[in-house]
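So the structure is just underneath, and the comments pick up after that.
Values in this document were obtained by computation on a predicted structure and should not be read as measured data. Each chain gets a letter, A, B and so on, in the order its sequence line appears, and its residues count up from 1.
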Protein chains: 4
Amino acid sequence: MNIKVAVVGASGYTGVELLRLLVGHPQAELVCVTSRQFAGQPVARVFPSLAGRCELVFENLAAAEIAARAEVVLTALPHQAAMAVIPDLLVAGCRVVDLSADYRLRDAAVYEHWYQPHSSPQLLAEAVYGLPELFREQVRPARLVANPGCYPTSVALGLAPLLRQGLIDPDSLIIDSKSGTSGAGRGAKLGSLFCEVNEGFKAYGVAGHRHTPEIEQTLSILSGREVTVSFTPHLLPVSRGILSTCYAASRQQLSTADLVEIYRQFYADEYFVRVHPVGSLPNINQVAGSNYCDLGMVADERTGRIIVVAVIDNLVKGAAGQAVQNLNLLAGLPEQTGLEALSAFP
Amino acid sequence: MNIKVAVVGASGYTGVELLRLLVGHPQAELVCVTSRQFAGQPVARVFPSLAGRCELVFENLAAAEIAARAEVVLTALPHQAAMAVIPDLLVAGCRVVDLSADYRLRDAAVYEHWYQPHSSPQLLAEAVYGLPELFREQVRPARLVANPGCYPTSVALGLAPLLRQGLIDPDSLIIDSKSGTSGAGRGAKLGSLFCEVNEGFKAYGVAGHRHTPEIEQTLSILSGREVTVSFTPHLLPVSRGILSTCYAASRQQLSTADLVEIYRQFYADEYFVRVHPVGSLPNINQVAGSNYCDLGMVADERTGRIIVVAVIDNLVKGAAGQAVQNLNLLAGLPEQTGLEALSAFP
Amino acid sequence: MNIKVAVVGASGYTGVELLRLLVGHPQAELVCVTSRQFAGQPVARVFPSLAGRCELVFENLAAAEIAARAEVVLTALPHQAAMAVIPDLLVAGCRVVDLSADYRLRDAAVYEHWYQPHSSPQLLAEAVYGLPELFREQVRPARLVANPGCYPTSVALGLAPLLRQGLIDPDSLIIDSKSGTSGAGRGAKLGSLFCEVNEGFKAYGVAGHRHTPEIEQTLSILSGREVTVSFTPHLLPVSRGILSTCYAASRQQLSTADLVEIYRQFYADEYFVRVHPVGSLPNINQVAGSNYCDLGMVADERTGRIIVVAVIDNLVKGAAGQAVQNLNLLAGLPEQTGLEALSAFP
Amino acid sequence: MNIKVAVVGASGYTGVELLRLLVGHPQAELVCVTSRQFAGQPVARVFPSLAGRCELVFENLAAAEIAARAEVVLTALPHQAAMAVIPDLLVAGCRVVDLSADYRLRDAAVYEHWYQPHSSPQLLAEAVYGLPELFREQVRPARLVANPGCYPTSVALGLAPLLRQGLIDPDSLIIDSKSGTSGAGRGAKLGSLFCEVNEGFKAYGVAGHRHTPEIEQTLSILSGREVTVSFTPHLLPVSRGILSTCYAASRQQLSTADLVEIYRQFYADEYFVRVHPVGSLPNINQVAGSNYCDLGMVADERTGRIIVVAVIDNLVKGAAGQAVQNLNLLAGLPEQTGLEALSAFP
């Protein structure tokens, strides 16, 4: 029997990606799709890529109405809008995978420092951070899953083996990340216009991006101590993909071959993490459209630093794909169900 | 029981696309992959997008060796190279779907005028032109399927309803097509370099492109008379996608709504053809990565002309996807088996 | 002595291109720059590409204030906004080069059919259509120059030699044009977002684009009779460039070499028009950033048609560059003054 | 009187950029252009962007023949090829600006470690490192100028104020750079194909790129001590532009405003270096096509690090433009002569 799923706030790029994945999911039934902006319009008119495969119409529904139809709700709302509806969905009996930032940080004060006041801080203790490769067992029984941010996903998977095994000095961490433009959303903003982004490249949010505390929270858990990082995001003139280049001082003499072996063992049972062989590094074009996170690493003996490169598709493993992976865990399905598509290179 | 499939000449963009589709095909077993250039190298080293899902190594095999393992062979060789191996594959008992131009033209003289001497012209009468939406019944029992060219696929599907029903003057046909750069192949040529193509756009092969006779052959069959067209291809700075804008003088007073209705009826039973509503036209970004052909049409009452816009992904419906669709027909499977992926917009 | 120039409505892509050209113009002095949206902000903050070279601040000025400072005003406003200010500028004693559509059409009824009511139709008879290569002598003494549209510029220059000499049947004309995205302006619209345009391509405004009557007006003048054309614009995923592919039935037996010779003679004295040799066709990447219009042509003996390909930079020869060329004519300067920059390929 | 200039090895992207700049240079006369590959072909056939403005034909000339015509020679050859011809050019009496890596490193052993044996190590002591903003006075009288590499130019200008004033710990330097694809040259290589680069992004040469010793040499001079850095280049899917993000531990408590002020003073007299105000960071699209280096900086008080972002056009300030700037110094001309073009945004 299929699991009944609703998508709330499906008018953006993460939303259409959720619809694409759920339409092709063999054991999920997409029962309703909400959007204030497009209420009343057929999904396939708004997103012609879905024509012929999705007969739904965008609706504007209250939490109770959604809960009457769906077992699991995926919320693809902006932060602040998410926490305005999620408590009601939980009360109405749904389980929720929230793609916003609203339930990712455990400490309400940290959230309020980087975002704005939190209207349901009591849920922060219950919410599970939905990075299955690291926190799978907590996700399975959860009522509320906070789906990780795109940058934090790439960084956490890229650094987990080193931090868990204490191989680097956490205080030395510098993370230089680059994201495709779909990460900026589908809002009609000047900075997202084709002519502003095309043939361009820039850093933004330097020393102040909101994913910083989320990154630090996970790296601290992995390290067993407080970690502070330098995190610099950049905007790439591509639609999809994140590449994070992570620099850290090595605590021991390790060769690149040693590193590759450590990563291979750490991720030996993971379907969605692939480790490159020595001498080879990943490109975002090999994961675009897929739920994979590909990793490459180099030990630089001249400087004593380790460089790790992690690539994901920000809309898949960085958002909608990971949400479906979490959905699969909630539903007791194999994690890769509906997520087996490979990247269509080129 | 799965059908055993080999891919011959899988080192290019069409090749890796065939591998992607076959790896995900629920009823095909990929038994061998050949490439002279990459013989001995693991497929996943050459194409990291396939890592974790394809354990095969490129081989350099003779026809008999291939035939010993595979029931159906998909040949993704350049023209001329294809006809050097296909007769042997047929003799060895394989059925073949050939993605080159070598068996598409029925008249050897026409082939030799546009290409070079043909070494197995006797097979031209047997070869079936594998455009399932138009010639499905001939494909099913075929031993040799000539998989159509990318431009001709877009044009044939775009014009079939008008030509079959005699609604336009075939002598007036002008076809202005634009293709993504993957259509130029993976050869290391100056004209295919990023910096030559990026931020560029040009016409090429004007009044002399080799797809012209293939287009005219199909349109002549559809019209029941000889058709000569103006066909102008252009090179788009995108990886995937063909858009063909077709102009023809209307023979009757038809509104755009009439046209849409005619197309909807003509393609009512086709899984892979989607017709846009009045006032809406397709974009290549809604079919990229999928096997769909999306069509839009306008009746221009000022000029008495009909304009039809057809979009496909040149590597999928224009090559590898259509080859798998033909494979499905040969194997007696539903046509869409393994081809249900939607385009990942954006 | 330098000519004093104002730019009105300089906040868009055409505006910043005018500023770039005027900052580098050896005989123009940029005296004021207006923008409602950015009034009070330094130009170089809004457009960092101009930093260090333009100390002006955007102002919000009335016509009389502008006229008190400038001899010639370049208006880069949207249509309708332009005709709200231009009559006042003229009364105040300025000469005006208007980059909007408001004074391009000679017949107010045609304007009102394609746009909206015209508030100063009496100026249409006075306004000169500023395509210097064709109407240079009328521009020199003009008080009001209507700077041509981007598509119409490419088409008029591409077809003028054929129409003036009666070499083609005007009723057969089909024009398939493709434009870079800067042509859609700097407004924050969904359809102009990077992720909507990137890796995409589509036709738009089919059989209804507002440049159609402007194209027909010029082609009719060139032909000496009424001309109706099919004109289909498409949106290219590049920032700059227009390529128009023009199809017409030939009236005589002409070879490609004959055509090239006809074009070479026609444009022998033109600085900004370059004709390709036989066998070579232009790419938009060879004119981007420059004021050139490059032309290539083929006689297709199989179909009796002539195909002409014209490329320009839509922001330069299709807008700001042509406006400066007109400014030079008004000021009695050599036409290429300040416009000699070559395209920076790649 | 104009200075007579030759360009040797002008068939690549740096070559065509030199030609573009020299064609527009008011006091340079381009007297000959050599290329083995294109010898005998008109420059404007190979590079249509130059049509109408360059009547030269590519030649294959010996050093003595070049020296008979030119006073200054700009060599745009690959490393190793450059040192095969430059000693002869010097002997024949020319002054040379070499755009290759052959004379950039002062220590022949370092060169031979990263490249291959050096055939004229005796010239290394004479060669002047041609970064005018830092070494202007040495360039003026030089006979042989080693034009800096693209990455090293961005890094040296980005870090000079901090290192000269001892504001950072040089051992903490991490440089994460991203370059457009023209930096990979015009050779027909698989990795430079449009479909490999488009929608892709990757690191390359991690911990082993040949620009590392050049960067370290300049930073060591600026610091007055040996500096070792982590340098990671990445390949951007754009034609032009380098952005280097530089991380260093601050030695004092400085605000971002302090930093901006330090940079503004340091570069107060430099035409080609522009410093962003607090809160604003540069984009490569504001310098593409120009000789500017734009800088932005942030003091991160949380981590005690300084982050500096430097952008240049790799083909202009990173190659051909800087070579012309050096040519101007050799010729006693104002440095910006022929280099005043602004970036054509968008």
Most heavy-atom pairs under 4.5 Å with chain D, out of A/S239, A/A249, A/G180, A/G208, belong to A/S239

Does A/R302 reach the side chain of D/E216, with side-chain heavy atoms less than 4.5 Å apart?
-> yes

Chain D contact via A/L173 - which portion, at a heavy-atom distance below 4.5 Å | backbone

Part of A/F194 lying under 4.5 Å from any heavy atom of chain D = neither

Could you give the distance from OH (D/Y247) to CD1 (A/I175), rounded to the nearest 0.5 Å?
-> 9.0 Å

Do other residues, nucleotides or ligands put more than 12 heavy atoms under 6.0 Å from the CZ atom of A/R225?
-> yes

Has the side chain of D/E199 got a donor or acceptor atom that lies under 3.5 Å from a matching backbone atom of A/N285?
-> no

Under a 4.5 Å heavy-atom cut-off, does chain A meet the side chain of D/V229, its backbone, both or neither?
-> backbone

Residues D/P346 and A/C195: closest non-hydrogen pair is CB-O, 3.5 Å

Heavy-atom closest contact (D/A207 atom, A/V298 atom, distance) | CB-CG1, 3.9 Å

Nearest 0.5 Å, what's the CG-CG distance between A/N283 and D/L235?
-> 8.0 Å

Chain D contact via A/P237 - side chain, backbone, both or neither, heavy atoms under 4.5 Å | both

Nearest heavy-atom pair of A/D300 and D/S230: which atoms, and what distance?
-> OD2-OG, 4.2 Å

Rounding to 0.5 Å, atoms CG (A/D176) and SG (D/C246) come to a distance of 10.0 Å

Counting only heavy atoms closer than 4.5 Å, note whether D/E196 contacts chain A via side chain, backbone, both or neither.
-> both

Side chain, backbone, both or neither of A/L281 within contact of chain D (heavy atoms, under 4.5 Å) = side chain

Looking at D/K202, D/K178, D/R240, which has the largest count of heavy-atom pairs under 4.5 Å with chain A?
-> D/K178

Against chain A, label D/V206 side chain, backbone, both or neither, depending on which of its atoms sit under 4.5 Å from a heavy atom there.
-> both

When only pairs under 4.5 Å are counted, which of A/G296, A/A203, A/G241, A/A299 shares the most heavy-atom pairs with chain D?
-> A/A203

With a 4.5 Å cut-off on heavy-atom pairs, point out which of D/V309, D/I307, D/T245 contacts chain A the most.
-> D/T245

Under a 4.5 Å heavy-atom cut-off, does chain A meet the side chain of D/A288, its backbone, both or neither?
-> neither

How many angstroms lie between atom NE2 of D/H234 and atom CG of A/L243, to the nearest 0.5 angstrom?
-> 5.5 Å

In terms of heavy-atom contacts, does CD of D/E226 have more than 12 from other residues, nucleotides or ligands at under 6.0 Å?
-> no

If you tally heavy-atom pairs under 4.5 Å between each of D/T232, D/I174, D/D171 and chain A, the highest tally belongs to D/I174

